[in-house]
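Quick note: residue numbers are just sequence positions, from 1.
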Amino acid sequence: MALLAPLRVANTMEEYMETPAKNTICLWYDNDAEEAARFYAETFPDSAVKAVYRAPGDYPSGQEGDVLTVWFTVMGIPCLGLNGGPTFKHNEAFSFQVATNDQEETDRYWNAIVNNGGEESACGWCKDKWGISWQITPVVLTQAVTSSDPAAAKRAFNAMMEMRKIDVAAIEAALRG
């Protein structure tokens, strides 16, 4: 997989916090927040690792010098990865929803996640190897299931319910009837 942009890591917290986000998603990882952040930065456009910070002292699930937090963006969304240990696990109550333009883009993101130790789920959902849920959602699907034609929306919805990765051509065919 090709790197989309060079990874740029801020040298200091001050450098990263020059224009801090008002709202940041905090994602809890066992101990591999940096690996996850780098994967996201390599996989999705407008994504980057911004800063990596090490623990200034020992803590319940780690030691002084371990990576404690990672500041990164996923498709422009500011995130903080916290290496907090195995206490909390991710579930589908939180997911990233990625709108895709066509089958090629859908396949690229889906396959990157699933083929990197992730797992498939239903209706365009998958999980990465860290347990984060992703909805890889072609725009045509969203348009189809919200169609002003109730019969077309139902056909598209029923087609989606049978899928794992979304098949754009099958959704378009269902929409047409």
Side-chain angles (χ1 to χ4, degrees), residues 1-5 21-30 32-50 70-82 84 86-177:
M1 170 179 340
L3 189 62
L4 296 175
K22 290 287 187 189
N23 188 5
T24 300
I25 295 170
C26 181
L27 299 170
W28 184 292
Y29 296 88
D30 284 356
D32 43 12
E34 184 176 8
E35 178 188 358
R38 292 192 185 283
F39 171 75
Y40 305 146
E42 293 171 358
T43 302
F44 298 101
D46 195 22
S47 301
V49 176
K50 300 290 188 174
V70 180
W71 292 85
F72 59 99
T73 56
V74 176
M75 299 184 90
I77 298 171
C79 299
L80 169 69
L82 171 66
T87 305
F88 299 109
K89 300 293 179 200
H90 298 287
N91 64 48
E92 289 79 1
F94 172 86
S95 65
F96 284 104
Q97 184 179 38
V98 178
T100 58
N101 293 316
D102 54 31
Q103 192 67 55
E104 180 183 350
E105 187 179 23
T106 300
D107 292 348
R108 183 172 61 249
Y109 297 144
W110 178 277
N111 294 340
I113 292 166
V114 171
N115 294 339
N116 188 50
E119 61 185 66
E120 296 183 356
S121 190
C123 304
W125 290 62
C126 56
K127 282 187 182 179
D128 65 29
K129 74 178 187 178
W130 302 280
I132 301 289
S133 293
W134 296 82
Q135 298 177 60
I136 309 302
T137 309
V139 172
V140 69
L141 172 62
T142 303
Q143 292 169 339
V145 299
T146 60
S147 171
S148 59
D149 176 349
K154 183 174 175 70
R155 288 190 306 271
F157 182 81
N158 289 342
M160 175 203 66
M161 293 299 294
E162 301 298 319
M163 298 177 187
R164 289 190 168 285
K165 177 173 53 175
I166 301 301
D167 179 335
V168 171
I171 295 298
E172 289 170 339
L175 189 58
R176 288 188 304 272

(Q) Give me the atom names and distance for the closest heavy-atom approach of Y109 to T43. (A) CE2-O, 3.5 Å
Q. Taking the side chain as C-beta and beyond, is there a heavy-atom pair between P45 and M75 under 4.5 Å?
A. yes
**Q.** From OG1 (T142) to CD (Q97), nearest 0.5 Å
**A.** 6.0 Å
Q.
Using every non-hydrogen atom in the two residues, find where I166 and I136 come nearest and quote the distance to one decimal.
A. CG1-O, 4.0 Å
Q) How would you list, by chain and number, every residue that makes a side chain to side chain contact (heavy atoms under 4.5 Å, CB included) with E119, sequence neighbours excluded? A) K127
Q) Which atom pair, heavy atoms only, marks the closest approach of M160 to C123? A) O-SG, 3.8 Å
Q. Applying the side-chain hydrogen bond (donor to acceptor under 3.5 Å, both in side chains) test to Q103, which of T106, D107, N101 qualifies?
A. D107
Q: Work out which heavy atom in C126 is nearest to a heavy atom in I113; give both atom names and the distance.
A: SG-CG2, 3.8 Å
Q: Determine, step by step, whether E35 and R38 satisfy the side-chain contact (heavy atoms from CB on, under 4.5 Å) criterion, reporting the C-alpha distance in whole Å, the side-chain angles of both residues, the deciding distance to 0.1 Å, and the verdict.
A: CA-CA 5 Å; E35 178 188 358; R38 292 192 185 283; over 6 Å; no
Q: Among W130, Y29, F96, W134, find the residue that satisfies the ring pair (Phe, Tyr, Trp, His ring centres under 6.0 Å) test when tested with H90.
A: Y29
(Q) Would you compute the distance between atom CG of D128 and atom CZ of F39 and round it to the nearest 0.5 angstrom? (A) 7.0 Å
(Q) Applying side-chain contact (heavy atoms from CB on, under 4.5 Å) to T100 and W110, what does each step give before you reach the verdict? (A) CA-CA 10 Å; T100 58; W110 178 277; over 6 Å; no
Q: Applying side-chain contact (heavy atoms from CB on, under 4.5 Å), run through N111 and K165 and close with a yes or a no.
A: CA-CA 9 Å; N111 294 340; K165 177 173 53 175; 3.6 Å; yes
Q: Supply the atom-to-atom distance F88 CZ to D30 CG, rounded to the nearest 0.5 angstrom.
A: 12.0 Å
(Q) On a heavy-atom basis, which atom in S47 and which in A41 lie closest, and how many Å separate them? (A) CB-CA, 3.7 Å
Q.
Using the rule given for salt bridge (Lys or Arg N to Asp or Glu O under 4.0 Å), can you reason through K154 versus D149, listing the C-alpha separation, both sets of side-chain angles and the distance that settles it, and then say yes or no?
A. CA-CA 9 Å; K154 183 174 175 70; D149 176 349; over 6 Å; no
Q | Trace of the ring pair (Phe, Tyr, Trp, His ring centres under 6.0 Å) decision for W28 with F94 | A | CA-CA 12 Å; W28 184 292; F94 172 86; over 10 Å; no
Got a list of side-chain donor-acceptor pairs under 3.5 Å for residues 167-177, not counting sequence neighbours?
from: D167; atom 1: OD1; to: A169; atom 2: N; distance (Å): 3.1
from: D167; atom 1: OD1; to: A170; atom 2: N; distance (Å): 3.1
from: R176; atom 1: NH1; to: E172; atom 2: O; distance (Å): 3.4

**Q.** Shortest non-hydrogen contact from T73 toward P78
**A.** CG2-CA, 4.1 Å
Q. Side chains of L27 and F72: does their closest heavy-atom pair fall under 4.5 Å?
A. yes
